[in-house]
Amino acid sequence: MAIDYGEMEGRWQRAWNDAHVYESDPGEKPSALVTAAFPYVNEPQHIGHLRTYATADLYARYKRLRGFNVLYPMGFHATGTPILAIVKRLRNNDQELVNTLKTFEIPDDEIKKMEDPLYCANYIMRIDEEGMRLAGYGIDWRRKLKSIEPIFSKMVEWQFIKLKEMGLLKQGSHPVGWCTNEQNAVGQHDTKGDADPKIEELIAISFKDSESDAFFACATYRPETIDGVTNLFVGKGIDYVVARSGGKRYYMAKEAAEILSNQMEIEIEGPAGAEDLLKKMAINPSNGDVIPVLPGFFVKADVGTGIVMSVPAHAPFDYAALEALKREGYPIGGIEYRSVIRIDRPSAAVPPGELETARAGDPNVSAAAYLELIKGDPSPGDEVLERATKSVYREESHWGVMAVGKYAGKKEAEARGLISKDLLDAGSAFKMFELANEEPVFCRCGTRVVVKLVVGQWFINYGDEALKGKVKEYMNKMRFYPKGGVLTYRGVADWLGMRPAERAQGMGTRFPFNPEHIIESLSDSTIYMTLYTYINALRDADVKPEQLKPEFFDFVLLGRGGADMVAATTGIDAMVVRRCRESLEYWYNETSRHSGSDLIYNHLTMHIFIHLALFPETMWPKQVVTNGLVNYEGKKMSKSLGNIVPLKVGIRKYGADPLRFVTVASADLGTDTDFSVDGINSVRQKNDYLERLVLSLPGMKSQELSHGDYWLYSKLNSKIKAATACMDEMRIKDAYVEIYYNSVNELRRYMERGGSNELVLREFLEKIVIMMAPVMPHVAEELWHLLGKSTLVVQERWPEPDESMINREEEAIDDLIERTLSDIRQGIEMTSKMSSGAGKRVGRVEVIVAEDWKLGAYNALAEEKEIGKAMARPELKGIEREKLSKFMAQFAKSLNTMRKLPVISSESLLRGFMDARQYMAERAGAEIVPVGEADSRSARAGRARPDRPAIDIVRE
RNA sequence: GCAGGGAUAGCAAAGCCUGGUCAAAUGCGGUAGGUUCAGGGCCUAUUCCCGUAGGGGUUCGGGAGUUCAAAUCUCCCUCCCUGCACCA
């Protein structure tokens, strides 16, 4: 017989609903508000999502069992661009996406309808909610909210008004990937092949035309090489222009000027042919050198400015181009390659002799070697030069020291910043941005992505010193699980700076200070947990969104003003206003925030910042719990592997409880868990075993307690103690190894030993069933009722350990039985190979328990670590000296590793062995005869030790 | 590049903070046996090497050190993974 999870789980879910178990309202008990980061609805949930929500659910259920009034609410996130992206792909009939949706069992006609963003969001929300209900989360669904509903928007608007008042909103400029066709910022989600546009800052250095007021603008990543510049390069077939910017006139490629116009004010004055430029001379702003302008084969119109400053000593491309010109006989004047950086590093890094055999791409080779390498190749291809350039760059950035100029002796990496600053300060350079991706990046619409400098953009300033300091200090007081997370959060807090607060596209709340834009969707979800506490009150009273004026939130969230005043300005009933405030105060006391660990780097840390900025200390986050991912049979779940298991499918196939157990309780919180069918089956088998055991209880009798019964009691109570400690620290795996795996093993062991005391078993089962409830609530409920209970287990009390029943002695006796058993087995095996034993059957095995004085002697030795001192101990006074010293002598070698043994009388040890006789006999395949040392006539009796009875294998 | 995490037996994975009870939990896989066992499952034993009785030897990425004692502490090295911003 096996449990039918679908039927059983549905039955208990209905029972909980009927009893309104999870609908929580303020009351007398202490509160606990458990929230998990609400799911984003651009794709239905899979079993990976289950981990976060089931972990939060486990915590909520645990707190409830511990006597708290628990609220676990849920919402859905739909603001921002991802839903629009989905819709756009659906409209383009993107087959890959359609297939993905089909694996989530979405029918064709629904997929068609999902081309409407709102429909799409709502539809996925519905699937998610169904899945979450089937998973059996104890959610108060009355409080469900969506980030795209008007009440939510009103709260977010208030939040931003407050942030602005506090000076935490700042306007500034910021470079973004940009599609000139769609006139929109593009992130990773918006590009072909999901390429992440990598934006890098570089500077363009101005070399004055020796004969006019115009400048050659040369973009470079390595301004520190300026003293090594020998010439400039332009591209032969490229259209150049004279562009005016900031009152200066620059030569640059026409295409480059157009791209740059996204970053700065640029006005194109007129064309300037490459041929004309080639006749000019330029002046190096650093050292006044007058240098020629030459044609460079590698110069591109759309990279940088389309003009390159040539540093042949340090740039393989420049070197190769000059060498090529030399070969062609192009007049290049008396150019000398000038090295301005020397490599300075421990000699160990490159063993001598390797330079000759070095190949491009080998990171252990100095920059010079690359130039040598290229010299040997009259016309190296772009790929070789590219690799050489990278290696030189890496090598010199790491080990390079300036050899000449103002900063001679400084590390190159440092000099780069200083020289850059000098040039900028002197007006000899300007900053620009460029995409640093290896391959060009294209928008999904097909347009090449460029960098745009967005100006007047609003940011949330997480870099605000006062706030940052406050956050970092407070983080020390917060509880982070897994433990030790504080350091990570503090690091993130340090690193957070300006964060965009608005976006041109997407669903969501209008940005109050620029209604053309919407509030960026990470920023709009930092305080919504507060809304759960009173949203049902607003709905019950049918409050209209437009009534939710700032005064309402000022009062409810901050306690400013009064209910009557709010009622007067908003028209909301004062009773309702008061109820909202009271509800918030009640629930927002003790909170726990849950999510996947990926959100540490944004949402979780941001929510701490915003809470501290806006709210009084009583409302600050108390606890944050993060969990790792879920793998599928050892591999990452991904679309490309096609191994994503949709939540609803997983529940149907495996049962919600086994799935919950495997994903949340089978690995530590911070590490990835592995979903495997084997794991599921193992849990199901154990559940079936427990069910069978519960059903077999009525046939048993209650009788006098044996060693085994005391042992099981002891295990139960030490288990409760250990598991409670684990749960309090969110060591979920450790807790359930105790509560579940170990219990099943202990029960099996108890039964194998012939344990049959119904009272003892019943108590054991009742208590572990309660403790199982947080992770497998349905199974726990089922077993609870099979145990004859009529209450709901999810509303029971977590068991308290009965310390008096924890009996180290009984547990130690049991360990000794197991150890002795394995010794006996080994002994039988070994003796059967001995000539004296070969061929003869084992008749019986005498287990000889050491006399009591030996234990005293052993423990004395363990404490003193010295035979002489131990012998002198007063408690060993009455023992015959010779016997004592002989006994102690055998431990001479291992004195340091001896540890005190629990005090067990030889009498109770013997009783333990007597109780286990039959069990041991079955396992050993021989009769077991326990006997006291004094009563044994065996020659081996003297070998009996307190930590190890003597064994005599008697053959016949 | 910067920051963080990691390397444990055939594989996966605990232990490391708080050194000794660690030849090292647990699961998978392997091997042997059992179960009136179709298959699968389940149960038992075993799974670093040696060993004619509970013993010994060598192990926890590599190297050095601290200590009576190191998988666990310190230093160095090698290799691997994750994140790096306007994106939820």
Side-chain angles (χ1 to χ4, degrees), chain A residues 37 39-43 77-83 85 174-177 185-190 194 196-199 348 393-394 397-398 413 454 457 459-460 462 483-484 487-488 491-492 494-503 506 520-523 525 597-603 628-629 631 634 666-668 670-672 674 676 678-679 681-682 685 688-689 733-734 737 741-742 745 748 752 815 819-820 822-838 845 862 865 894-901 922-923 925 940 943 945 947-953:
Chain A
Y40 199 92
V41 290
N42 63 336
E43 194 175 279
H77 199 193
T79 58
T81 52
I83 299 208
H174 189 78
V176 292
V186 287
Q188 193 179 349
H189 294 287
D190 313 307
D194 282 342
D196 189 21
K198 276 191 265 181
I199 296 169
Y393 183 84
R394 183 170 51 191
S397 296
H398 207 193
V454 179
Q457 156 101 14
F459 294 86
I460 296 179
Y462 292 100
K483 270 189 142 184
L487 289 176
T488 315
V492 177
D494 264 329
W495 158 88
L496 271 182
M498 295 286 224
R499 194 87 191 195
E502 50 164 339
R503 235 191 164 216
E520 190 273 325
S521 48
L522 280 172
S523 309
S525 50
S597 45
D598 48 334
L599 295 192
I600 293 173
Y601 299 95
N602 42 58
H603 166 75
L629 303 170
N631 288 333
S666 64
D668 293 322
T671 58
D672 295 349
D674 188 37
S676 70
D678 281 345
N681 286 337
S682 131
Q685 274 150 23
D688 289 343
Y689 173 80
K733 187 207 71 177
D734 291 340
V737 165
Y741 289 114
N742 287 353
N745 286 341
R748 286 201 167 123
E752 273 173 26
D815 289 345
R819 200 137 37 89
T820 306
S822 102
D823 286 347
I824 291 172
R825 268 209 203 94
Q826 195 181 357
I828 291 175
E829 198 185 323
M830 299 303 282
T831 51
S832 68
K833 293 188 212 156
M834 288 161 53
S835 53
S836 60
V845 177
K865 307 276 182 207
S894 51
L895 282 175
N896 282 322
T897 56
M898 286 176 79
R899 297 198 53 208
K900 280 191 77 170
L901 298 170
E922 279 167 19
R923 294 298 171 95
R940 297 177 65 90
R943 300 172 70 115
R945 280 170 32 177
D947 59 332
R948 199 178 73 187
I951 299 163
D952 193 2
I953 297 163

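Here is the naming used below: chain letters follow the sequence lines, and residue numbers restart at 1 for every chain.
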Take atom C1' in B:rU36 and the same atom in B:rC43, then report the distance between them in whole Å. 16 Å
#### Entry: Same-atom distance (C1') from B:rU46 to B:rU78, integer angstrom
37 Å
Taken in chain and number order and not counting sequence neighbours, the residues that satisfy side-chain hydrogen bond (donor to acceptor under 3.5 Å, both in side chains) with A:Thr79 are A:His77, A:Asp524
note: A:Asp598, atom CG; B:rA85, atom P; distance rounded to Å ~ 15 Å
Looking only at B:rC28, B:rA14, B:rG51, the nucleotide nearest the A:Asp678 side chain is B:rC28
Students often get this wrong, so: under 4.0 angstrom with heavy atoms, is A:His603 touching a base, only sugar-phosphate, or nothing? nothing
Across all chains, not counting sequence neighbours, the side-chain hydrogen bond (donor to acceptor under 3.5 Å, both in side chains) partners of A:Arg945 are A:Asp947
Give me, pair by pair, the N or O atoms of the protein and of nucleotides 19-22 of chain B that are less than 3.5 Å apart, along with how far apart they are.
{"residue": "B:rU21", "atom": "N1", "partner": "A:Arg899", "partner atom": "NH1", "Å": "3.0"}
{"residue": "B:rU21", "atom": "O2", "partner": "A:Arg899", "partner atom": "NH1", "Å": "2.9"}
{"residue": "B:rU21", "atom": "N3", "partner": "A:Arg899", "partner atom": "NH1", "Å": "2.7"}

Using the P atom as the point on both nucleotides, what is the distance between B:rC75 and B:rU59, in whole Å?
24 Å
**OP:** Indicate, with a heavy-atom threshold strictly under 4.0 Å, whether A:Lys733 touches base, sugar-phosphate, or nothing.
**Re:** sugar-phosphate
**Asked** In whole Å, what separates the P atom of B:rU26 from that of B:rA38?
**Response** 31 Å
Taken in chain and number order and not counting sequence neighbours, the residues that satisfy salt bridge (Lys or Arg N to Asp or Glu O under 4.0 Å) with A:Asp668 are A:Lys733
A:Tyr601 has its side chain closest, among B:rG54, B:rG83, B:rA85, to B:rG83
Over all strands shown, is A:Pro949 touching base, sugar-phosphate only, or nothing at heavy-atom distances under 4.0 angstrom? base
Fill in: Nearest-Å distance once atom C1' is located in both B:rA71 and B:rC22
8 Å
Per-nt protein contacts along nucleotides 39-49 of chain B (heavy atom under 4.0 Å; B base, S backbone sugar-phosphate only, - none) come out as --SSSSS----
Salt bridge (Lys or Arg N to Asp or Glu O under 4.0 Å) filter on A:Asp815, not counting sequence neighbours, yields none
Picking from B:rA85, B:rA88, B:rG54, the nucleotide nearest the side-chain atoms of A:Trp495 would be B:rA85
Q: Determine the Euclidean distance between corresponding P atoms of B:rC50 and B:rG10; express it in Å to zero decimal places.
A: 14 Å
